There are 2 protein chains.
Amino acid sequence: MLSQTSSAIQDYLKALYVLEVEREPDGTAIPTTALAQRLGVSAASTTNMLKKLATLGLVRHAPYRGAELTPDGRTVALEVIRHHRLLETYLAEVMGVPWDEVHAEAEVLEHVLSERLEDRIASMLGDPSFDPHGHPIPGKDGSVAQASTRTLWEVAEGDSAAVERVSDDVPEALRYLARIGVLPGAAITVLRRGPLEGPLFIEVEGHDGSDALSKEVASTVWVR
Amino acid sequence: MLSQTSSAIQDYLKALYVLEVEREPDGTAIPTTALAQRLGVSAASTTNMLKKLATLGLVRHAPYRGAELTPDGRTVALEVIRHHRLLETYLAEVMGVPWDEVHAEAEVLEHVLSERLEDRIASMLGDPSFDPHGHPIPGKDGSVAQASTRTLWEVAEGDSAAVERVSDDVPEALRYLARIGVLPGAAITVLRRGPLEGPLFIEVEGHDGSDALSKEVASTVWVR
DNA sequence: GCCCTGGATTAGTCTCGGCTAAATTTCAAC
DNA sequence: GTTGAAATTTAGCCGAGACTAATCCAGGGC
C-alpha cells in the first residue's frame, strides 16, 4: 500500500489525516485551501493532487467542497505517521538527537523507511505507543490511541491539567516549552490569563515560578 | 556541497567515482555507456546529465570521449559514499540487519542522511574506517584508505591470500560467500582452478573442505 | 587515406509536481 | 433573488530526469 506511493502523495495524505483529526467532531470535508497552506503549496497544485488521489482511490474529492480520506488513504497516512513517530522516538532515545530536532529528521526519513527497518526499530524500542512529544504511534494494524483535543489555551484561570502532548514541528517552541517544564506528563496550573488574546501565566509542578505562554504556543499543548 | 545536489546527481557522481577507481591506473575518462549501464539508464539520459554536471563544475565532459570527476565532483561522491558505508556499518552492527541486506537499505538512506546524523552515527561506531564488506569509509576530510585491486580470480593455483573486501550489491553472492567462509579477514588458498573460465576451488582457513566460486563471483572478492 | 561501425549526442516526448493567471462556483449579504 | 467576494478549479507553463529514434563522430580495417 505505502510502497507504491511517492513521497508527495504521502505528504498530502498525512496532512489530510492531521487536518481531519483536528477538526474532530463535525464530519465536514477538508477545504482545498486548508490543505494547501498546511503543505506550503498553491491551491492549484492541491486541486491537481486531489484529483490524482481520487483516481487512486485514496481520497474522496467533491469539487468546490473539499476532500476526505478513504479507508485506503487513511491506511497509507497512518503508515507514514507510524514511520514518523517511530523514527522520532528512535532518534531521541537511541541516537540522542535533541527532542526539538527529531521532527525535521523524521520528516525526510519517514518516506524511505523500509518495512524491515520499521519493524526492527519498533522492536528495539519495545513497540512504544507514544513518541517523545506525547503523540500516539499508530500500530501496524492501523489502531491509534485517541488523543486529547483540549489545548492548554482552553484551560480556565485557576484550573489545573496534565500535559499530554505538544506539537512537534516548531523547534523554538519546543525548546522554550522544555525550558519552562512543559513536557508530556507535567502538571500545569493556569495562574492567570493575560489581556484578551494575551499571554497565559502558568505554573508547572516541580518548576519554580510562573511563566508566560502566548496563545499561539499554548494552543500547541494538549492537556487532559 | 552535498546538500544542494539531487539524489539523481549524487547517484551519477558516485557511479563515476567507482568506475574511476576500478579502471585505476590508466588516466582515461569514463565512457558514457559504461556509466549508463552501471546506473541502468539510457545513454541519452547519461549524456544529458553529464552536460548538466559539467555546467555545475562537478564533472569534466569531453563530448564523444567520456567524463571525469572534478575535485568538487569527487568531494560530493565521497560524501555520498561515506554516508553509504557508515549506514551499512550502522545497520549491521547496531540494528542487526543481515550483511547481505544492508546495501539496499543504505542505497536509499544515503541521500537523506543529515550531517548531524552522519556525525552521530560515526561517533556511535567509533569512527570506523571500514564497512562490513571491507570497503574503506572515506573520512570527513575526503581521505580514503586505499584498497586492493587484486581479485581472488587473479590468485594463482596453489597460492594463498587474505580476503580484504567483497562487493556489497549482490545479496545472493554475499550469502553464498558468507556460507563458505569468504569474509573480510579470512585466509584463502586456491586449491585448483577449474577448466578455462570455469570455477575456482578454494580452501578457507577454519572452514573444512573446498568450495567452488564462479569467475563472476571470484571477481567480486578482493585480496591482498 | 577512406569508410564503416559502434559509441555518443541531439531531437523530440513523457510523467511528476510544482507554479501563475484566468475562469468558475459557492455562499453570505442585501 | 441578485450580487460580489472568497474559495476553487482550469488552462497553460516550467524544470527534472527519464525514454526512443534519428543523427553524428572517432577510430580501426583496408
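Predicted model, so just to flag it, every value in this text is computed and none were measured. In what follows, every heavy atom counts, from backbone to side chain, and hydrogens, waters and symmetry copies are set aside. Note on naming: letters A, B, ... go to the chains in the order of the sequence lines (proteins, then strands), and numbering restarts at 1 for each one.
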Considering residues at least two apart in sequence or located in another chain, which fulfil the side-chain hydrogen bond (donor to acceptor under 3.5 Å, both in side chains) criterion with [X]?
{"X": "B:Ser167", "answer": "B:Asp169"}
{"X": "A:His61", "answer": "none"}
{"X": "A:Ser214", "answer": "none"}
{"X": "A:Arg38", "answer": "none"}

Review point. Quick one: salt bridge (Lys or Arg N to Asp or Glu O under 4.0 Å) partners of A:Arg60, sequence neighbours excluded?
Key: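 With neighbours one apart ignored, the set is A:Glu68.
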Exercise for review: Return the set of residues passing salt bridge (Lys or Arg N to Asp or Glu O under 4.0 Å) with B:Arg150 (not counting sequence neighbours), or none when no residue passes.
Suggested key: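 B:Arg150: no salt bridge (Lys or Arg N to Asp or Glu O under 4.0 Å) contacts found.
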What is the distance, to the nearest angstrom, from the [atom1] atom on [X] to the [atom2] atom on [N]?
{"X": "B:Leu53", "N": "C:dT9", "atom1": "CG", "atom2": "P", "answer": "13 Å"}
{"X": "B:Gln37", "N": "D:dC19", "atom1": "CD", "atom2": "P", "answer": "13 Å"}
{"X": "A:Leu56", "N": "C:dT15", "atom1": "CG", "atom2": "P", "answer": "15 Å"}

Exercise for review: Determine which pairs satisfy side-chain hydrogen bond (donor to acceptor under 3.5 Å, both in side chains) with at least one residue from residues 39-58 of chain A, sequence neighbours left out, and list them in order.
Suggested key: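 Those involving residues 39-58 of chain A are A:Ser42-A:Ser45.
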Can you tabulate the close N/O pairs, meaning under 3.5 Å, that link protein atoms to atoms of nucleotides 1-6 of chain C?
none

**Study point:** B/S/- contact track for nucleotides 6-17 of chain D, protein heavy atom under 4.0 Å
**Key:** -SBBB-----SS
Check your understanding: Would you call B:Lys14 and B:Glu79 a salt bridge, taking side-chain N to carboxylate O under 4.0 Å as the test?
Key ->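 Judged by the 4.0 Å cut-off on N to carboxylate O distance, B:Lys14 and B:Glu79 do not form a salt bridge.
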